[in-house]
Amino acid sequence: MISSSERISRVTPYILMLLGFLLVLTASQAIISPVAQIYLSIIILLCTLAIRKRPGHVARLLMIGLSTFISLRYIFWRLFQTLEFENWFQTTLMLTLLFAEVYSWIILFLGYMQLAWPLNRKECPLPADQSLWPSIDVFIPTYNEDLSVVRNTVLAAVAMDWPAGKLHVHLLDDGRRPEFRTFAGEVGVNYIIRANNQHAKAGNLNHALEHTNSELIAVFDCDHIPVKSFLTRTVGWMVQNRNISLIQTPQHFYSLDPFQRNLDISEHIPPESNLFYGLVQPGNDFWNATLFCGSCAVLRRSALASIDGFAIETVTEDAHTSLKMQRKGWESAYLRETLAGGLATESLALHVGQRIRWARGMVQIFRTDNPLLGRGLSLGQRFCYLSAMLHFFFPIPRIIFLLAPMAFLFLGQNIIYATPLAVMTYVIPHLLQSVLTQSRMQGRWRYSTWNYVYETAIATFLAPVVVVAFFAPQRGTFNVTAKGGLITKDYLDTRMVRPNVIMGCLLIVATIVGVYGMIESRANHTLFQTYGMNLLWVTGNLLIVLAAITVGYERKQVRRAPRIAAQLDIVLRDAVGQQRYPAQTQDLSKGGLSVKMLGPLPGDMQTVEVEYINTRDKITVRVPARIINQRDGLVRLEWMSRNTQDETAIIEMIFGRSDAWSHWSNYSNDKPFHSLTLLTRSVANLLMLIILRRNPQT
C-alpha cells in the first residue's frame with residue numbers, strides 16, 4: 001500500500017510543475033527591449049549560479065523553472081519575431097532550422113519533466129520464511145554468440161543465491177548448436193530450442209514462456225553476468241507489491257565502450273549509458289514509467305500473460321513490452337544497483353549497429369503504439385515514453401545544426417531575420433541556462449558537450465533509418481549485437497568516419513569563408529557581426545565533428561577476457577598447502593590475476609593455490625594457478641581451472657561479489673568548462689596520434 005506521505009510526494013511535483021509552467025509561459029511572452037532582455041538574462045544567470053550548488057529538490061526545480069523561462073522566451077522570439085518568407089528556397093532553409101530548434105526545445109522540456117524528481121528506490125527485504133519466496137525461471141537467450149561468452153553468464157546464473165528447488169535456469173539457443181546443448185547438460189541447465197527464429201529475441205522468449213511455469217521470469221542477455229545476490233536484492237519488491245510487473249536494474253558494461261577506449265578517456269568521463277541507467281530510469285521510476293531494457297530484469301509471468309507475452313510488433317521488444325504492461329495498469333520499478341556486468345560494443349561500427357536497432361524500434365513504437373494515444377497511461381507515463389521515443393529522432397536535428405551556418409556562409413541566405421546582437425541576446429542566455437541546468441541535474445552521470453559527440457558520431461547512419469521507420473514502420477528486422485570480438489591492431493575505420501570527414505571538410509571551408517568574410521566586411525558593422533556569429537557557430541561544430549571522427553580510430557583490443565580492477569584480500573598456498581602467503585589482488589580476469597605481495601614468493605615455486613573467502617556473498621575459491629612472473633612484489637598468475645566447479649568459483653570471485661560493480665558511478669560532478677577542455681584535449685591528442693601513426697618518421 002502507498003502511504004499518504006508517498007502520495008503527497010508523488011502529487012507535489014505535478015502541482016509545482018503545473019503552476020511553475022503556467023507562470024513561466026505567461027511571463028516568457030512579454031515583449032521587452034533588447035537592453036531589458038540583456039539585464040533580465042544577467043539577473044536570471046546570477047540567480048542560477050547562486051542556487052546551482054545548493055542541494056535538494058527545491059534548487060533543482062528552481063533551476064528548471066529559470067531555464068524553461070529563458071528557453072521559452074527564446075523560442076517565442078524565434079517564432080514571432082525572426083521569420084521572414086522571401087522565396088521557396090530561403091523559406092525551406094529557415095523552416096528546417098526552426099524545426100530543429102523546436103524539436104530541441106521539446107526534448108529539453110520533456111527531459112526536465114522526466115528528471116525533475118528522480119526516485120532513489122532502496123532494496124526491499126524478502127520475507128524471513130523462504131517458503132514464501134516465489135519460483136523463478138531464468139532466461140538466457142542466445143543466437144550467434146560464442147560459447148566462451150555465454151558460459152560465464154550461465155554458470156553465474158546457476159550460482160545465484162536462491163532456494164535450489166525454486167531456481168530454474170534455461171539456455172534459449174536460437175542458434176541450435178550441439179556444443180551449447182552439451183554444455184547445458186554438463187552444468188545442469190534446461191536447454192530450449194525452437195523450429196524457427198520468428199520474431200527474433202521476443203519470439204525466443206515467448207517460446208520459453210510456453211515451456212516453463214515459474215511465477216517470475218529473470219532475463220539476462222547472454223553476456224550479462226549476474227552477481228550472486230541479484231535475486232535476493234531485487235525480488236523483494238515483487239513479493240511486497242504483487243501489482244509490480246517489472247523490476248529493472250542497470251546494464252553495466254565492464255569493458256570500455258568505443259568512446260572511452262578510442263578517445264582514451266575511460267578514467268575521466270562516465271560511459272555513455274550511465275546517464276540513462278543512473279538518472280533517466282530513476283526519473284522514469286517516479287512516474288511509474290520504468291522501461292524494460294531486455295536484460296538484468298525480473299518480470300511477472302501473469303503480467304506478461306496479460307499482454308500475450310513479450311511484444312513482437314517492433315524490433316525493440318523490451319521497451320514495447322513494458323509500455324504494453326503499463327497500459328494494462330501494471331506497475332514498474334527501478335533499482336539503481338549494479339547487479340550484473342556485461343560487454344560493451346567493441347567498435348564504433350558495432351555501436352552504430354546497436355543504435356540503429358534501438359532507433360528503428362523506438363520510432364516504430366512511436367508510429368504504431370504512440371504513448372500520447374490510447375488508454376491506460378498516466379500523463380507522466382505518456383511524457384516519459386514520448387521523451388524516450390522522440391530522443392531517437394535526434395540525427396535529423398543534429399545534422400541540421402551542423403549544416404545551418406553554411407546557409408549564410410556558402411549561399412548567402414538569411415535564415416534568422418534578426419541582427420546578430422539580437423540573436424546573441426536570446427541565444428546565449430538560452431544555451432547558458434540549459435547547460436548549467438543540465439549540468440546540475442546530470443551531475444556525475446553525463447558531462448557537458450559530450451552528448452553532442454555521441455550524437456554526431458552516429459547521426460548520419462541513423463538519420464535514414466529514422467526516416468524509413470517513421471514512414472514505413474513495418475520495415476526493418478532485428479539485428480543481434482556481436483560481443484566478445486577482438487581488434488588486432490590500431491586503425492582508422494574509414495567507412496564509419498567518412499560522413500563526418502566530409503562534414504569536417506565542409507566546416508573547414510566554411511571557417512575559411514567566415515574569416516575571409518569578416519576581413520572583407522570590416523566597414524559594414526552588421527555584416528561583420530553576422531560573419532562572426534556564423535564563424536563561431538562553425539568553429540563549435542568543427543570541434544564536435546573532429547571528436548566524432550577520432551572515435552573512429554579503433555584501438556587495439558586483443559584480450560578476450562578484459563581485466564577488471566579489484567583489491568581483494570587473498571591467500572596463496574604452496575603445492576602441499578602448508579605455507580601461506582597473504583596477498584591482495586590488483587586485477588582479475590577469466591584468464592588470470594595480478595596480485596601484490598608483502599614479500600617475494602620462493603624462486604623455485606611454479607604453482608600456487610589461490611584462496612579467497614567472502615562470507616557475505618557465500619563465495620569460497622580454492623583454485624590452482626601458475627606463476628607467470630613476479631617483479632617488485634607484483635606477481636602475475638594464470639588460472640589452472642580443473643573442472644566446471646573451478647570455473648564457477650573463478651566467475652563468482654570476479655563477477656559474483658555484491659560490490660563487484662559498486663564503482664560504476666565513481667565520477668566527480670560535471671564542470672562544464674572542464675568538460676569542454678577535456679574534449680578539446682582528447683581531440684588534439686588523438687589527431688596527433690593519427691598523424692604520427694601515418695608518418696612514423698615525424
Side-chain angles (χ1 to χ4, degrees), residues 148 151-162 164 187 224-233 252 254-255 337-343 559-602 605-664 666:
S148 63
R151 65 186 298 129
N152 295 338
T153 302
V154 172
L155 293 174
V158 171
M160 284 192 294
D161 187 10
W162 200 255
V187 299
H224 276 94
I225 307 170
V227 301
K228 282 180 68 71
S229 59
F230 183 95
L231 297 176
T232 57
R233 296 170 67 180
H252 171 68
Y254 57 85
S255 62
E337 300 286 345
T338 45
L339 305 179
L343 293 170
R559 289 187 181 277
R560 287 198 176 274
R563 288 190 175 274
I564 299 168
Q567 286 71 52
L568 308 178
D569 293 327
I570 63 171
V571 171
L572 302 182
R573 296 179 179 273
D574 62 8
V576 294
Q578 295 185 0
Q579 294 295 322
R580 302 173 76 255
Y581 302 92
Q584 186 180 71
T585 64
Q586 301 301 296
D587 56 57
L588 305 160
S589 77
K590 189 78 180 294
L593 64 163
S594 297
V595 301
K596 192 74 174 177
M597 307 293 300
L598 296 178
L601 293 172
M605 184 179 290
Q606 296 182 345
T607 62
V608 294
E609 182 183 67
V610 177
E611 179 183 87
Y612 170 70
I613 299 176
N614 182 330
T615 55
R616 174 190 174 188
D617 295 314
K618 305 175 186 176
I619 298 174
T620 300
V621 178
R622 292 188 178 91
V623 178
R626 180 182 297 108
I627 299 174
I628 302 301
N629 60 49
Q630 56 176 316
R631 183 178 181 181
D632 299 328
L634 188 67
V635 180
R636 293 178 60 243
L637 303 169
E638 180 184 27
W639 295 112
M640 298 170 61
S641 179
R642 297 161 296 194
N643 47 42
T644 303
Q645 286 71 31
D646 280 355
E647 185 180 4
T648 302
I650 293 169
I651 291 171
E652 289 184 10
M653 180 179 178
I654 301 171
F655 304 104
R657 296 171 285 112
S658 294
D659 61 351
W661 315 117
S662 59
H663 62 280
W664 78 299
N666 289 350

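The residues of the chain are indexed from 1 along the displayed sequence. Just the heavy atoms: all of them, side chains too, but no hydrogens, waters or symmetry mates, feed the values below. Please read all numbers here as calculations on a predicted model, not as lab measurements.
- S229 has its side chain out of reach of D161: every pair of non-hydrogen atoms, C-beta onward, lies at least 4.5 Å apart.
- Contact check for I651 versus K590: side-chain heavy atoms found under the 4.5 Å cut-off.
- Taking the six-membered ring where the residue is Trp, F655 and W661 present tilted rings, their angle falling between 30° and 60°.
- With a 4.5 Å cut-off on side-chain heavy atoms, E337 and R233 count as touching.
- Side-chain contact between S658 and N614 is absent, with no heavy-atom pair separated by less than 4.5 Å.
- A donor-acceptor distance shorter than 3.5 angstrom exists from the side chain of W639 to the backbone of S589, with no hydrogens or angles considered.
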Exercise. Start with the C-alpha gap between Y254 and L343, add the side-chain angles, then the distance that decides, and say whether side chain to side chain contact (heavy atoms under 4.5 Å, CB included) holds.
Key: CA-CA 6 Å; Y254 57 85; L343 293 170; 3.4 Å; yes
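- The minimum heavy-atom distance between E647 and N152, with the atom names listed, is OE2-OD1, 4.4 Å.
- Interatomic distance, R151 CZ to T648 OG1, rounded to the nearest 0.5 Å: 8.5 Å.
- Between the CD atom of Q630 and the CG atom of L601 there is a distance of 5.0 Å, given to the nearest 0.5 Å.
- Closest approach of S255 to P562, counting heavy atoms only: CB-CG, 4.2 Å.
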Quiz item: Would L593 and I570 count as a side chain to side chain contact (heavy atoms under 4.5 Å, CB included) if you check the C-alpha gap in whole Å, the side-chain angles of each, and the deciding distance to 0.1 Å?
Solution: CA-CA 11 Å; L593 64 163; I570 63 171; 4.3 Å; yes
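- In terms of heavy atoms, A583 sits closest to V595 at CB-CB, 4.3 Å.
- Side-chain atoms of I613 and V621, non-hydrogen and from C-beta on, never get closer than 4.5 Å to each other.
- Here the shortest heavy-atom pairing between S662 and N666 reads O-OD1, 4.1 Å.
- Of the inter-residue distances, the one linking Y612 atom OH with L588 atom CG reads 9.0 Å to the nearest 0.5 angstrom.
- The shortest distance between side-chain heavy atoms of R573 and R580 falls below 4.5 Å.
- One distance of note links CZ of R626 with OG1 of T607; it measures 8.5 Å at 0.5 Å rounding.
- The shortest non-hydrogen separation linking V227 to G656 is CB-O, 3.6 Å.
- Counted within 6.0 Å of CD on Q567, heavy atoms from surrounding residues, nucleotides or ligands total more than 12; the atom is thus considered enclosed.
- Note that CD1 of I619 is 9.0 Å distant from CG of L568, once rounded to the nearest 0.5 Å.
- Environment of CZ in R642: crowded, with over 12 heavy atoms of neighbouring residues, nucleotides or ligands closer than 6.0 Å.
- Counting only heavy atoms from C-beta outward, the side chains of R563 and S594 approach each other to under 4.5 Å.
- In terms of modelled atom types and a separation under 3.5 Å, the side chain of K596 and the main chain of Q586 share no donor-acceptor contact.
- Side-chain contact check for T585 versus M653: some heavy-atom pair is nearer than 4.5 Å.
- Atom CD of E638 and atom CD1 of I627 lie 12.0 Å apart (nearest 0.5 Å).
- Closest heavy-atom contact between A625 and M640: C-SD, 3.6 Å.
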